[in-house]
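A short write-up of the structure that comes next.
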Amino acid sequence: MPGILFMCPDSAGRGPMAEAITRHLAPHVEAWSVARYPGHVRRGARAALREEGIDANGLRARGVFEVDLQDVVLVVTLAELHELPPLPTGIRHVHHPLPDPDSAPDSESDEAWCDARDALLRLIPRLLRTLN
């Protein structure tokens with residue numbers, strides 16, 4: 001089974017959202033999200049997923065060493081490269097930085113999380129087509 005690894009600085013939002021969306025769209029594909037600084041998955045990320053009927057249960061922020069890279073065929077970086085842990089070598093890489101919804105002002109927070117979710121809903125189907 002092919003696997004996609006999503007990388008973010010804190011794995012608190014964009015990475016876990018990408019993981020959940022991938023599992024929702026393609027249950028046959030393994031998906032993980034990892035970070036340099038694992039933390040708690042943000043409420044805004046969970047709420048934005050639930051709004052689209054995407055299961056956010058079980059999402060958690062993982063550290064880089066918690067994923068066995070043996071099944072990973074694609075690494076997707078969702079932040080600027082200088083913010084991320086070192087990339088695994090020998091695995092195809094796609095760089096697609098997204099704005100961090102956590103940096104939005106409180107008055108725009110919900111919209112920022114939905115914007116990130118929607119960007120991932122556009123990106124992930126394209127990525128999944130490349131796995132075939």
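Not measured: the values here are computed from a predicted model.
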TODO: List the steps, then state whether side chain to side chain contact (heavy atoms under 4.5 Å, CB included) holds for Thr130 with Arg126.
DONE: CA-CA 7 Å; Thr130 70; Arg126 292 192 319 251; over 6 Å; no

Task: Over all atoms of both residues, closest heavy-atom pair of Ala26 and Leu128 - done: CB-CD1, 3.8 Å

TODO: Identify the two heavy atoms, one from Pro125 and one from Arg122, that lie closest to each other, and give their separation to 0.1 Å.
DONE: CD-O, 3.7 Å

Open item on the list: Counting only heavy atoms from other residues, nucleotides and ligands, does the tally under 6.0 Å from CZ of Arg92 exceed 12?
Closed with: yes

Task: Distance in Å, Leu120 CG paired with Thr22 OG1, rounded so as to fall on 0.5 Å steps - done: 8.0 Å

Open item on the list: Measuring from atom CG of Leu59 to atom CE of Met17, what distance do you get when rounded to the nearest 0.5 angstrom?
Closed with: 10.0 Å

Task: Over all atoms of both residues, closest heavy-atom pair of Ala45 and Gly13 - done: CB-CA, 4.0 Å

Task: Full working for side chain to side chain contact (heavy atoms under 4.5 Å, CB included) between Trp32 and Glu66 - done: CA-CA 10 Å; Trp32 304 273; Glu66 291 183 61; over 6 Å; no

TODO: Determine the minimum heavy-atom distance between Pro16 and Val41, stating which atoms define it.
DONE: CG-CG2, 3.8 Å

Open item on the list: Are there over 12 heavy-atom neighbours, none belonging to Asp102, within less than 6.0 Å of that residue's CG?
Closed with: yes

Open item on the list: Are Ile54 and His24 packed together at the side-chain level, in the sense that at least one heavy-atom pair is separated by less than 4.5 angstrom?
Closed with: yes

- [ ] Assess whether side chain to side chain contact (heavy atoms under 4.5 Å, CB included) is satisfied between Arg117 and Glu51, documenting all intermediate values.
- [x] CA-CA 10 Å; Arg117 176 206 59 214; Glu51 189 176 281; 3.1 Å; yes

Open item on the list: Rounded at 0.5 Å granularity, tell me how far CG in Leu5 sits from CG in Asp68.
Closed with: 11.0 Å

TODO: Dump the intermediate steps for side chain to side chain contact (heavy atoms under 4.5 Å, CB included) on Val76 and Ile124, then the final yes or no.
DONE: CA-CA 10 Å; Val76 182; Ile124 291 170; over 6 Å; no

Task: Point-to-point distance, once rounded to the nearest 0.5 Å, from CZ of Phe6 to CG of Leu127 - done: 6.0 Å

Open item on the list: Rounded to the nearest 0.5 Å, what separates atom OG in Ser33 from atom CD1 in Ile4?
Closed with: 12.0 Å

Task: Distance in Å, Arg42 CZ paired with Arg14 CZ, rounded so as to fall on 0.5 Å steps - done: 10.0 Å

